[in-house]
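Below is one structure; the comments refer to it alone.
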Amino acid sequence: MGYAHRLEGDRRIKLEDFDPADDAGLKREQAEKKTAELIEELVELQELLYAARRQSLLIILQGRDTSGKDGVIRHVAGPLNSQSCTVTSFKVPTEEELAHDFLWRVHSQTPRAGDIKIFNRSHYEDVLVVRVHKLVSEEVWRGRYDHINEFERSLTDSGTIILKFYLHISKAEQKERLVEREKDPTKSWKLSVGDWKEREHWDAYTAAYEDALNECASKRRPWFIVPADKKWFRNLAIAEALRNTLMPFKKKWLAQLEEVGREKKKAIEEYRRSRSQSG
């Protein structure tokens, strides 16, 4: 069992059964030390992923306002090589994007072989926000679960590893963070009355998230519920899930790269022999 709760679609869950303040009995110093060690391993695994170019990794971050999506990107993904790890943030769809199907703007942002892509919000907004605010009919948003599953299945069939994280924050902790944001002049740019208005739909978002988690989790495309009230534990849980997912590929990647190395050394040796003979 990891620090994040892995969902594979074999049971239906209710968010109330998961404690947003869970810390597995760890102290902050312990957790931060473990996180640093995991990130060192992730840096190595990213390099192997990039060199082997057999798989890609798609990390999907979802959660309510202030749950820490930006913090995860900064603290967990920040140390990774930005040459092959990039972030796409999905905002309110543009007029051009609305003129296409809801997955149109998403597919072009998926990672190439060898790369890591982080979605800060994602196609799941089209079964969350649009549902809560009744932007489309129930028939439309319910039908999107099947489209999402088919889309993600096509990605995994093509070698993309998909990990989806729901950052689980309590209503009380969210309120505290919103108030703290107002006191911090360096974070004033984040202030939005919309964040407070969205809190009025807390229960509706809970129901929408529960359905998304239950309808779109599978063994190959798992969801993880991440306790997010404590930022340091949130970072640890996600770093661990990433390391644990990539580690089983390490041996195969190394074997592939060793074979490539042998072939390249052979080509160099043949070149040197031909040069010595001609000289």
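- Between the side chain of E97 and the backbone N or O of T94, at least one donor-acceptor pair lies under 3.5 Å.
- In this view, W202 satisfies the ring-ring contact (aromatic ring centres under 6.0 Å, His included) rule with no residue, not counting sequence neighbours.
- Listed by chain and number, the residues in a ring-ring contact (aromatic ring centres under 6.0 Å, His included) with W253 are F249 (sequence neighbours excluded).
- Residues L45 and M247 form a side-chain contact, since some pair of their non-hydrogen atoms from C-beta on lies under 4.5 Å apart.
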Decide salt bridge (Lys or Arg N to Asp or Glu O under 4.0 Å) for D65 and R121; before the verdict, give the C-alpha distance in whole Å, the side-chain angles of both, and the deciding distance to 0.1 Å. CA-CA 11 Å; D65 296 320; R121 300 188 187 273; 3.0 Å; yes

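- At a cut-off of 3.5 Å, with distance as the only test, no side-chain donor of D115 or S84 sits close to an acceptor on the other residue.
- Side-chain atoms of D126 do not come within 3.5 Å of backbone N or O of R144 as any donor-acceptor pair.
- Under the side chain to side chain contact (heavy atoms under 4.5 Å, CB included) criterion, K183 pairs with V179, E180, sequence neighbours left out.
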Derivation of the salt bridge (Lys or Arg N to Asp or Glu O under 4.0 Å) call for E8 and K219: CA-CA 5 Å; E8 296 186 346; K219 189 170 184 178; 5.5 Å; no

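- Shown here are the ring-ring contact (aromatic ring centres under 6.0 Å, His included) partners of Y209, two or more places apart in sequence or in another chain: Y166.
- Looking only at distances, no side-chain donor or acceptor of E210 sits under 3.5 Å from a matching main-chain atom of K14.
- Under the 4.5 Å side-chain criterion, counting only non-hydrogen atoms from C-beta, T66 is not in contact with D195.
- Between the side chain of H100 and the backbone N or O of E96, at least one donor-acceptor pair lies under 3.5 Å.
- Listed for the H5 side chain is no donor-acceptor partner under 3.5 Å among the backbone atoms of V226.
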Expected list for residues 230-240: side-chain donor-acceptor pairs under 3.5 angstrom, two or more places apart:
residue, atom, partner, partner atom, Å
K230, NZ, D23, OD2, 2.6
N235, ND2, K231, O, 3.4
E240, OE1, Y3, N, 2.7

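- Side-chain heavy atoms closer than 4.5 Å link hydrophobic residues (I, L, V, M, F, W, Y) into clusters, and following such links, possibly through other members, connects V127 to L15.
- Q62 and S122 share a donor-acceptor pair across their side chains, judged by distance under 3.5 Å alone.
- Within the structure, salt bridge (charged side-chain N to carboxylate O under 4.0 Å, His left out) contacts touching residues 132-141 (residues at least two apart or in different chains) are E138-R142.
- E44 meets the side chain to side chain donor-acceptor pair (under 3.5 Å) test with K250; sequence neighbours excluded.
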Enumerate, atom names and distances included, each donor-acceptor pair closer than 3.5 Å involving a side-chain atom of residues 68-77, sequence neighbours excluded.
residue, atom, partner, partner atom, Å
K69, NZ, G63, O, 3.1
K69, NZ, R64, O, 3.4
D70, OD1, N120, ND2, 2.9

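- Partner L80 forms a side chain to side chain contact (heavy atoms under 4.5 Å, CB included) with one of L242, I116, I118 and no other, that one being I116.
- Remark: R53 qualifies as a cation-pi partner of Y50 under the 6.0 Å distance and 45° angle criteria applied to the six-membered ring.
- Within the 4.5 Å cutoff, no side-chain heavy atoms of L57 are placed close to those of P111.
- Counting only heavy atoms from C-beta outward, the side chains of D229 and D22 never approach each other to under 4.5 Å.
- Side chain of K164 to main chain of R221: a donor-acceptor pair is present (N/O by atom type, distance under 3.5 Å, no hydrogens or angles).
- With Q30 contributing its side chain and K27 its backbone, the two residues share a donor-acceptor pair below 3.5 Å.
- L191 has its side chain within reach of R181: a pair of non-hydrogen atoms, C-beta onward, lies under 4.5 Å apart.
- Among residues two or more places apart in sequence or in another chain, the salt bridge (Lys or Arg N to Asp or Glu O under 4.0 Å) test is passed with K33 by E37.
- Within the 4.5 Å cutoff, no side-chain heavy atoms of L167 are placed close to those of F224.
- Using modelled atom types, one side-chain atom of R220 and one backbone atom of T156 make a donor-acceptor pair closer than 3.5 Å.
- Residues E125 and L128 are in side-chain contact: their nearest non-hydrogen atoms beyond the backbone lie under 4.5 Å apart.
- For an aromatic pair to be called close, the ring centres must be under 6.0 Å apart, and H123 with F151 satisfies this.
- Applying the salt bridge (Lys or Arg N to Asp or Glu O under 4.0 Å) test to D184 and every residue at least two apart in sequence or in another chain returns nothing.
- Listed by first and then second residue, the side-chain hydrogen bond (donor to acceptor under 3.5 Å, both in side chains) pairs that reach into residues 260-273 are E259-R262, sequence neighbours excluded.
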Indicate every side-chain donor-acceptor pair of residues 85-93 with a distance under 3.5 Å to a residue at least two apart or in another chain.
residue, atom, partner, partner atom, Å
T86, OG1, K117, NZ, 3.2
T88, OG1, Q109, OE1, 3.1
T88, OG1, K117, NZ, 2.9

